[in-house]
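The structure appears right after this line, and notes come after that.
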2 protein chains.
Amino acid sequence: MTKLDPALIADLPPFREIGRPELEELLGSAKALRVPKGEKIFGQGEQAKSFFILLDGTVRVVKITPLGEQVIARFIAAGELLGLSQALGFVEYPANAIAAVDCVVLAWPNSIWDETIAKHPTFATNTYQTIGTRLQDTQDRVVEMATERVEQRVAAALVKLLRTTGRKTEEGTMIDFPISRQDISEMTGTTLHTVSRLLSGWEHDGLIVSKRQKITVSKRDTLAQIAGGPAVRPTLSH
Amino acid sequence: MTKLDPALIADLPPFREIGRPELEELLGSAKALRVPKGEKIFGQGEQAKSFFILLDGTVRVVKITPLGEQVIARFIAAGELLGLSQALGFVEYPANAIAAVDCVVLAWPNSIWDETIAKHPTFATNTYQTIGTRLQDTQDRVVEMATERVEQRVAAALVKLLRTTGRKTEEGTMIDFPISRQDISEMTGTTLHTVSRLLSGWEHDGLIVSKRQKITVSKRDTLAQIAGGPAVRPTLSH
DNA sequence: CGAAGCCTTGATGCGCCTCAACGTACGTGG
DNA sequence: CCACGTACGTTGAGGCGCATCAAGGCTTCG
């Protein structure tokens, strides 16, 4: 196995403040993996043996209910950590992580976790900040699901995807990995039918352009407005 | 101000493995606060200046949407930490923490956070485990909201409350703090009307007994069964 | 070139929100 | 201590948002 190049991770937030020699040491215990589209990186209920950083691609994190329904917990973009169960004291991975496209990840054994965070406090801080952001996001999603209607939630999901994985094109900003109506329905707690109807409507109104597994948003602001409640100012008087 | 007694916290999980002298040092920088029912411990959007442990009582953690709707993020039981924003890199508290009954809390300034987790790794581990559990809970709630119907969610909420704050009585197990229909609706993403109808029905069926702001569950198992989907085994064949 | 996966669109129905009205327990101040 | 205001709880009637059921078209890939 050829040595991994520190340049792979030197610029990523979790590692940014770590010196070269230490990076090389870290990489010494890492394994690089190519994960083809559709394959699992880790599975719900499996013993958590490693944590990962996604070097390239996009990962879909999915929970499966006892009845077999799927709910997408989040998408992971390139440069983000995943499989942080050890940091939170889990024995098993709580969800499936599936490559949405061909991916490249680095995997570290969880056995080096304690030592790593002890030796690199900036890494620890950064990691816990990531977890904090994810907890926030998840809380926000609960609030959304409790208070907003499907149309708003779907619009919000698209806008959020644009922020994290958007790529500019001439027609607008597109979501940079294949995403189906079903995926969006699993992110927002609705059905693919309803998502299809919504997207059809928005395409008709010129807000988006969509092909099979591909969505380009041309009027992001309008979409954001739909997401934020239909321009109803809180009328506190009466 | 009189010295705080280490016995107050010595038996609580986060502090269990810390020696007496260090506990006293920790308590040296702590402030004990009595918070009357209904008062805020900290507020959404406020600068996060402290973290807390709840010595006695129950705390309701509530998010408020831009439109003024409330969503209950969680209840905190005695012995749990709260206001852990610093650990996750937040500058502001992301929600309101309100005393559901008269409470007693210890407050530490966030300035001692870094040093504390550095000096007491068991405290750090324990804290991050708490956060892990809460992240899990929140994720589970998203899954519930996406896949289950109101009746199941309300039943699940009651069962969960029994686990964390249940107190045995002769009639069954009661939720040990005043909780309204509205509270439950804000935990489950429905309306107080629907909750009222459900509880009325369950009371009629002898599953629960309920007074004003007071719920006693006599048939916990049946309730758990309602929560877990109406006894529909996953039919994987077709 | 066929099969499988993805997408669309219509018809139908129901779960739950909304609106409305009233009953009841609580606590506060005269 | 009683009267009143306020918060909490109940129950009905009506309707809408979205799931569900159904059927068919289109793209991709082996």
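The sequence lines fix the lettering, A, B, ..., with proteins before strands; numbering per chain opens at 1.
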| Cut-off 3.5 Å, side chains only: do Ser180(B) and Arg212(B) have a donor facing an acceptor? | no
| Nucleotide nearest Thr191(A) (side chain, heavy atoms from C-beta), chosen from dC19(C), dT20(D), dG15(C) | dT20(D)
| said: With a 4.0 Å limit, can you tell me whether Arg212(A) has a side-chain N or O closer than that to the phosphate oxygens OP1/OP2 of dG5(C)? | reply: no
| query | Is there a donor and acceptor pair, one atom on the side chain of Arg197(B) and one on the base of dG12(D), closer than 3.5 Å? | reply | yes
| task | Under the side chain to side chain contact (heavy atoms under 4.5 Å, CB included) rule, collect the residues that match up with Lys49(B), sequence neighbours excluded. | result | Gln47(B)
| query | Of all the nucleotides listed (dC17(C), dA19(D), dC6(C)), which has the minimum atom distance to the side chain of Gln213(A)? | reply | dC6(C)
| message | Taking the nucleotide of DNA chain C with the nearest heavy atom to each, does Glu151(B) or Lys37(B) sit closer to the 5' end? | response | Glu151(B)
| message | So which atom in Ile215(B) and which in Leu199(B) form the shortest heavy-atom distance, rounded to 0.1 Å? | response | CD1-CD1, 4.0 Å
| request: Please check the phosphate of dC17(C) (OP1 and OP2 only) for any side-chain N or O of Thr194(B) closer than 4.0 Å. | output: yes
| remark: Arg149(A) CZ to dG15(C) P, in whole Å, measures 21 Å
| request: For Met145(A) and dC17(C), give me the distance from atom CE to atom P, rounded to whole Å. | output: 13 Å
| query | Does OP1 or OP2 of dT10(D) have a side-chain N or O of Ser196(B) closer than 4.0 Å? | reply | yes
| note | Nearest heavy-atom approach of Arg153(B) to Glu148(B) is NH1-O, 2.9 Å
| said: Output the rounded distance in Å from CD (Gln182(B)) to P (dT10(D)). | reply: 13 Å
| message | Using whole Å, what does the distance between atom P of nucleotide dG9(D) and atom CG of Leu199(B) come to? | response | 9 Å
| query | How many Å lie between CG on Leu192(A) and C1' on dA23(D), as a whole number? | reply | 14 Å
| Would you say Ser200(A) reaches dT9(C)'s phosphate, i.e. side-chain N/O to OP1/OP2 under 4.0 Å? | yes
| note | When rounded to whole Å, the CD to C1' distance for the pair Glu186(B) and dC8(D) reads 13 Å
| request: Take atom CD1 of Ile179(A) and atom P of dC6(C), then tell me their distance rounded to the nearest Å. | output: 12 Å
| query | How many Å lie between NZ on Lys214(A) and C1' on dC26(D), as a whole number? | reply | 17 Å
| query | With a 3.5 Å cut-off and just heavy-atom distances, do the side chain of His193(B) and the base of dT11(D) make a donor-acceptor pair? | reply | yes
| message | The criterion is side chain to side chain contact (heavy atoms under 4.5 Å, CB included); which residues satisfy it with Lys63(B), sequence neighbours excluded? | response | Gln136(A), Gln139(A), Asp140(A), Val143(A), Gln44(B), Pro94(B), Ala95(B)
| request: With heavy atoms under 4.0 Å as the rule, sort Gly189(A) into base, sugar-phosphate or nothing. | output: sugar-phosphate
